[in-house]
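Computed from a prediction, not measured in an experiment: that's the story for all the values here.
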Amino acid sequence: MYKRQMQKAGPKIPKGRARVFWGLDETNYSGVAVVGLGKQGLGINELEEIHEGKENVRSAAAAGCRALDDVDIKDIKLETLGDAEAAAEGAGLCTWLYQGCKNEEKKKKLPKISLYGEEGEIEWRVGIIKAQAQNWARQLADTPANLMTPTIFSQQVLEVLTHLGVDVQMHDKKWAEQKKMGSFLSVARGSCESPKFLEISYKGAENPNEAPVTFVGKGVTFDAGGISLKPPSEMDEMRADMSGAACVVATIRAAAELKLKKNIIGLIPLTENLPSGHATKPGDLVQAMNGKTIIVDNTDAEGRLILADALCYAQEFNPRFILDIATLTGAIRVTLSNAATGVFTNDSNLYETLRNAGTITGDRVWKLPLWQHFTDEVTKKVKGADLNNVAKSKGGGSCTAAAFLREFVGKDIPWMHLDIASVMGPAYDELPYISAGMTGRPTRTLIQFLQALC
């Protein structure tokens, strides 16, 4: 009946678009949104490195939900559209909006979404968990910095993850001093906010002693650049300089909710990077946990300084591998725009698993080189210390930053570094299912990656 009525309602609905019909079902639903899915049976486009069928479903689900929301329908039921998990992701992401501390009367009422029928219930639940995890990362990243200090971030993570049975330890400055994390603490010196170091442990493997997957997330809750002050334009976006940390905790949240059979360690150094009379000065020397000395020529290259100590500490857990994720360099935006996360790794098998995960989620990654050339730029040209936190050469900023981090990872330890400054946001409708604001990317890719690990 619906099909005959719709055939009279105008031209075919284009892919990713929606049209709302009224009175198709006078008993149950006042309005029905019909969406365009495009060609059927689409799979992975090898050139684009994306599963076009799944991405079309996410976009169509988002289009349908927004069309109904626009006509004030707030209780939305979705068919699976051929892929319940992808439909749940598209719907779950597009119907969330950061509204912070806006007056309750002025907040937009967000629609409630649920599955229509019983087909695909399990897959729908998985997709909703992934979308909600990414939305949490979006919320953490978009919260103003005065409301998301290292202490507040830690408290929020403690509240959410311990409720799911995840162990969370919140270490203080004294602990970091005892661990000789001089590189991390050098960044924190300029702020009156106390630094924190989160140690998160999820034990999902059947063998509690199984080597853990270890995630390290950059947690700079506001980055003014320190003494090497950033330009004021768009500095407010640096509230999201802890997007790496947000992705780590969101991924662990999803792992716990999905009951993944993996052991996971999350390590998050948290601090602000501000100028003051106590702040580290350009040219100062600091020493990392592994004893290596660093000349800090640019205090705005602080992410690598806090990650250096976290990477050293990560090795104490005898990890299966280490993955660090950080809004590390503006150069990665120049390289990849907002199309993908930049990846540097010493293990091609790990990268292929991550690349395949990004193909499935529609949130892609792209591998960049870790050649000795870039290591030499931050080591051999340095006088009076083991490393410089910035290279003297022009260009290749993302590569030299990755080379710097590599100096704090054991040679026999599989490692991946994800530079997410290209995808952190704020979004400007580049993805039809993510509204304006910080994106929480690539949370779903990390979850998919964990699911795919043998």
Side-chain angles (χ1 to χ4, degrees), residues 98 133-162 166-172 176 181 183-185 187-188 191 193-202 213-223 237-256 264-273 302-311 313-314 322-329 341 405 416-425 438-447 450:
Y98 178 75
Q134 184 165 342
N135 288 342
W136 188 37
R138 293 164 76 184
Q139 177 186 331
L140 291 169
D142 239 339
T143 301
N146 63 321
L147 303 178
M148 191 55 64
T149 63
T151 299
I152 296 173
F153 182 97
S154 300
Q155 290 170 340
Q156 291 197 11
V157 171
L158 188 72
E159 180 179 339
V160 171
L161 294 187
T162 53
V166 179
D167 180 65
V168 180
Q169 297 182 53
M170 185 168 60
H171 300 302
D172 59 11
M181 293 183 171
S183 187
F184 165 44
L185 292 172
V187 177
S191 174
E193 291 288 343
S194 299
K196 302 294 180 186
F197 192 105
L198 282 185
E199 182 178 324
I200 304 166
S201 178
Y202 165 74
V213 170
T214 302
F215 289 143
V216 175
K218 175 187 172 185
V220 177
T221 58
F222 188 78
D223 180 17
E237 293 178 5
M238 290 300 98
R239 67 187 182 278
D241 208 24
M242 33 59 70
S243 290
C247 285
V248 168
V249 298
T251 300
I252 295 175
R253 167 181 166 169
I264 305 171
I265 297 292
L267 302 175
I268 299 173
L270 290 154
T271 182
E272 294 180 334
N273 183 31
E302 87 297 335
R304 65 202 72 181
L305 295 174
I306 72 171
L307 290 175
D309 281 330
L311 289 169
Y313 184 53
I322 300 172
L323 182 152
D324 77 73
I325 177 167
T327 50
L328 206 66
T329 66
T341 292
L405 294 179
M416 281 197 296
H417 160 58
L418 277 59
D419 192 338
I420 63 170
S422 51
V423 299
M424 63 173 265
M438 299 306 167
T439 67
R441 297 170 63 189
T443 298
R444 287 180 301 110
T445 294
L446 291 179
I447 301 165
L450 285 175

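- Counting heavy atoms from C-beta on, the side chains of Leu328 and His417 come closer than 4.5 Å.
- Taking both residues in full, the closest heavy atoms of Ala256 and Val166 are given as CB-CG2, 3.9 Å, listed atom of the first, atom of the second, then distance.
- Residues passing the salt bridge (charged side-chain N to carboxylate O under 4.0 Å, His left out) test with Arg444 are Glu89, sequence neighbours excluded.
- In this structure, Leu323 and Val213 have side chains that are not in contact, with every pair of non-hydrogen atoms separated by 4.5 Å or more.
- The distance from the CD atom of Glu237 to the CZ atom of Phe222 is 10.5 Å, given to the nearest 0.5 Å.
- For the ring-ring contact (aromatic ring centres under 6.0 Å, His included) test, residues two or more places apart in sequence or in another chain that qualify with Phe197 are Trp175, Tyr313.
- The heavy-atom pair separating Ala314 from Thr214 by the smallest distance is CB-CG2, 3.8 Å.
- Counting heavy atoms from C-beta outward, Met416 and Leu418 have side chains that approach closer than 4.5 Å.
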Mind running side-chain contact (heavy atoms from CB on, under 4.5 Å) on Leu446 and Ile325 for me, showing each step along the way?
-> CA-CA 10 Å; Leu446 291 179; Ile325 177 167; 3.8 Å; yes
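- Screening residues 139-153 for side chain to side chain donor-acceptor pair (under 3.5 Å) gives Asp142-Arg239 as the qualifying pairs, with residues at least two apart or on separate chains.
- At a threshold of 4.5 Å between non-hydrogen side-chain atoms, the residues Ile268 and Val248 count as touching.
- Nearest heavy atom pair, residue Gly440 against residue Gln134, reads O-CG, 3.6 Å.
- Distance check, rounded to the nearest 0.5 Å: CZ of Phe215 to OG1 of Thr251 gives 6.0 Å.
- Thr271 places none of its side-chain heavy atoms less than 4.5 Å from the side chain of Glu193.
- In terms of heavy-atom proximity, Ala254 sits nearest to Ile447 at CB-CD1, 3.4 Å.
- Proximity of a side-chain donor or acceptor of Ser183 to a complementary backbone N or O of Leu305 within less than 3.5 Å is detected.
- Side-chain contact between Asp241 and Lys218: present, with at least one pair of heavy atoms (C-beta onward) separated by less than 4.5 Å.
- Applying the side-chain contact (heavy atoms from CB on, under 4.5 Å) rule to Ala137 yields the partners Ala246, Ala250, Thr443; only residues at least two apart in sequence or on another chain are considered.
- Taking Ala240 as the reference, Ala141, Ser243, Met424, Met438 meet the side-chain contact (heavy atoms from CB on, under 4.5 Å) condition, with sequence neighbours excluded.
- Atoms CD1 and CD1, on Ile252 and Ile200 in that order, are 4.5 Å from each other to the nearest 0.5 Å.
- Under the side-chain contact (heavy atoms from CB on, under 4.5 Å) criterion, Ala255 pairs with Tyr202, Leu260, Ile264, Leu450, not counting sequence neighbours.
- Put simply, OG on Ser154 and CD on Glu159 are 13.0 Å apart, with the number rounded to the nearest 0.5 Å.
- Looking at heavy atoms from C-beta onward, Ile420 lies in side-chain contact with Pro442 at the 4.5 angstrom threshold.
- Using a 4.5 Å heavy-atom cutoff, the side chains of Leu198 and Gln169 are not in contact.
- Every side-chain contact (heavy atoms from CB on, under 4.5 Å) that Ala421 has, sequence neighbours left out, goes to Thr327, Ile332, Asp419.
- Judged as a side chain to side chain donor-acceptor pair (under 3.5 Å), and not counting sequence neighbours, Arg304 has no contacts.
- Closest heavy-atom contact between Gln156 and Trp136: O-CZ2, 4.3 Å.
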Stepwise, does the side-chain contact (heavy atoms from CB on, under 4.5 Å) test hold for Glu272 with Val220?
-> CA-CA 5 Å; Glu272 294 180 334; Val220 177; 5.8 Å; no
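- Across every non-hydrogen atom of Met242 and Leu140, the tightest pair is CE-O, 3.5 Å.
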